[in-house]
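Right, one structure below, let's go through it.
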Amino acid sequence: IALGTSSMEERDGRPYFRQHINPGKDYVVAEGEWLILLARGTVVYHPSPSAVLDTEFIPPEARRFARERVLILGWNSNIFTILHEYDTFLQAGSEITIAALHPPEKAHALLVEKLPRPLVNATHSYLQTDYAVAARLETLLARTFDTCIVLADESSGERDPDARTIVTILLLQDNEARRQRQ
């Protein structure tokens with residue numbers, strides 16, 4: 001997450017990094033500034049005042065489209081847009097599995113009614129399950145997915161879908177930690 005920029009000044013003969021947090025949407029990063037990023041894990045890059053920066057332009061690699069298996073946990077009004085956006089990035093033959101608490105008939109009716117056009121590159125399937133229960137999520141994750149999206153789930157009828165989302169994220173993190181230990 002981009003938080004701002006940093007620039008180096010000299011104070012009392014010593015280098016000093018000055019932060020510019022949340023500089024505004026029209027701010028242009030100047031030469032000699034560094035981005036301040038928030039990320040999970042270790043430090044990605046810490047600038048050294050004595051480092052010489054190579055400013056030669058390196059063109060980005062061409063984007064590779066891949067056949068993927070995507071899991072969407074939850075259902076809300078954004079799901080239709082998400083399905084279409086993902087469909088533009090996926091290679092033909094990709095699969096999207098949606099897991100939520102709507103009865104299958106209702107989910108299929110909503111997909112037919114609200115999807116403005118059929119998906120081109122991906123097929124979608126629906127599974128009615130309470131994925132916020134550890135055992136059910138573990139069963140679901142026994143299948144291999146490349147990507148997992150968690151939506152604030154309005155299919156449960158609960159008044160606080162954010163709490164359900166937090167529980168789901170914690171269960172996913174726990175599942176991933178157990179897999180890494182094995």
Side-chain angles (χ1 to χ4, degrees), residues 1-4 19 21-22 25 35-46 63-182:
I1 299 170
L3 299 177
Q19 318 88 339
I21 303 298
N22 196 17
K25 66 180 180 180
L35 291 176
I36 299 173
L37 304 173
L38 175 63
R40 180 181 276 174
T42 60
V43 173
V44 176
Y45 175 75
H46 184 71
R63 194 169 115 210
R64 296 181 205 146
F65 289 81
R67 184 176 300 163
E68 289 188 42
R69 296 185 68 197
V70 178
L71 174 63
I72 299 177
L73 300 173
W75 185 296
N76 63 36
S77 61
N78 295 319
I79 196 163
F80 311 106
T81 304
I82 290 168
L83 288 171
H84 276 290
E85 289 297 319
Y86 249 88
D87 190 52
T88 63
F89 289 97
L90 298 173
Q91 181 182 19
S94 295
E95 302 170 23
I96 300 173
T97 302
I98 305 163
L101 288 171
H102 282 311
E105 305 78 33
K106 180 176 182 177
H108 291 295
L110 286 169
L111 288 168
V112 167
E113 175 189 342
K114 305 260 182 176
L115 276 177
R117 62 187 188 284
L119 301 182
V120 175
N121 295 314
T123 60
H124 59 79
S125 60
Y126 179 78
L127 178 63
Q128 180 184 15
T129 188
D130 188 354
Y131 56 81
V133 174
R136 292 182 184 156
L137 180 62
E138 193 169 317
T139 300
L140 187 59
L141 294 175
R143 297 175 49 197
T144 304
F145 293 98
D146 302 298
T147 303
C148 180
I149 301 169
V150 181
L151 298 179
D153 193 356
E154 296 170 354
S155 73
S156 68
E158 294 178 18
R159 290 179 22 186
D160 188 7
D162 292 338
R164 184 175 176 77
T165 302
I166 292 167
V167 166
T168 302
I169 291 170
L170 291 172
L171 288 172
L172 286 167
Q173 288 175 340
D174 182 58
N175 185 281
E176 182 65 23
R178 279 187 280 118
R179 283 186 184 191
Q180 288 179 357
R181 287 192 299 261
Q182 294 176 351

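Taken to the nearest 0.5 Å, the CG atom of Leu3 stands 11.0 Å off from the CD atom of Gln19. Distance check, rounded to the nearest 0.5 Å: OG1 of Thr81 to CG of Leu115 gives 9.5 Å. Distance check: Leu101 CG to Glu154 CD gives 12.5 Å after rounding to the nearest 0.5 Å. Between the CD1 atom of Ile82 and the CD1 atom of Ile72 there is a distance of 6.0 Å, given to the nearest 0.5 Å. Annotation: the span from Leu110 atom CG to Glu113 atom CD amounts to 6.0 Å, rounded to 0.5 Å.
Residues Glu138 and Asp174 fail the side-chain proximity criterion, which asks for heavy atoms closer than 4.5 Å. In this structure, the side chains of Arg143 and Leu71 stay at 4.5 Å or more apart for every pair of heavy atoms. A 4.5 Å side-chain heavy-atom check between Arg136 and Thr139 finds every atom pair outside the cut-off.
The two residues Ala134 and Leu171 have their closest heavy-atom pair at CB-CD2, 3.7 Å. When all heavy atoms are compared, the tightest approach of Ala152 to Asn76 is O-ND2, 3.0 Å. Smallest separation of non-hydrogen atoms from Leu73 and Cys148: CD1-SG, 3.7 Å. Between Leu137 and Thr168, the shortest heavy-atom contact is CD2-O, 4.5 Å. Closest non-hydrogen pair, Thr144 versus Arg69, comes out as O-NH1, 3.3 Å. Scanning both residues, Ala99 and Thr129, for their nearest heavy atoms gives CB-CG2, 3.9 Å.
The backbone N or O of Asn121 sits less than 3.5 Å from a side-chain atom of Asp87, completing a donor-acceptor pair. A distance-only check finds no donor-acceptor pair linking the side chain of Ser94 to the backbone of Ala122 [under 3.5 Å]. Although no hydrogens or angles enter the test, the distance criterion places a donor-acceptor pair under 3.5 Å between the side chain of Gln91 and the main chain of Arg67.
Screening residues 121-147 for ring pair (Phe, Tyr, Trp, His ring centres under 6.0 Å), with sequence neighbours left out, gives Trp75-Tyr126.
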task = Just do the side-chain contact (heavy atoms from CB on, under 4.5 Å) check on His84 and Leu119 with the steps written out, would you?
result = CA-CA 7 Å; His84 276 290; Leu119 301 182; 3.9 Å; yes

message = I'd like to know whether Asp130 forms a side-chain contact (heavy atoms from CB on, under 4.5 Å) with Arg164, so could you lay out the CA-CA distance, the side-chain angles of the two residues, the decisive distance to 0.1 Å, and finally the verdict.
response = CA-CA 10 Å; Asp130 188 354; Arg164 184 175 176 77; 2.7 Å; yes

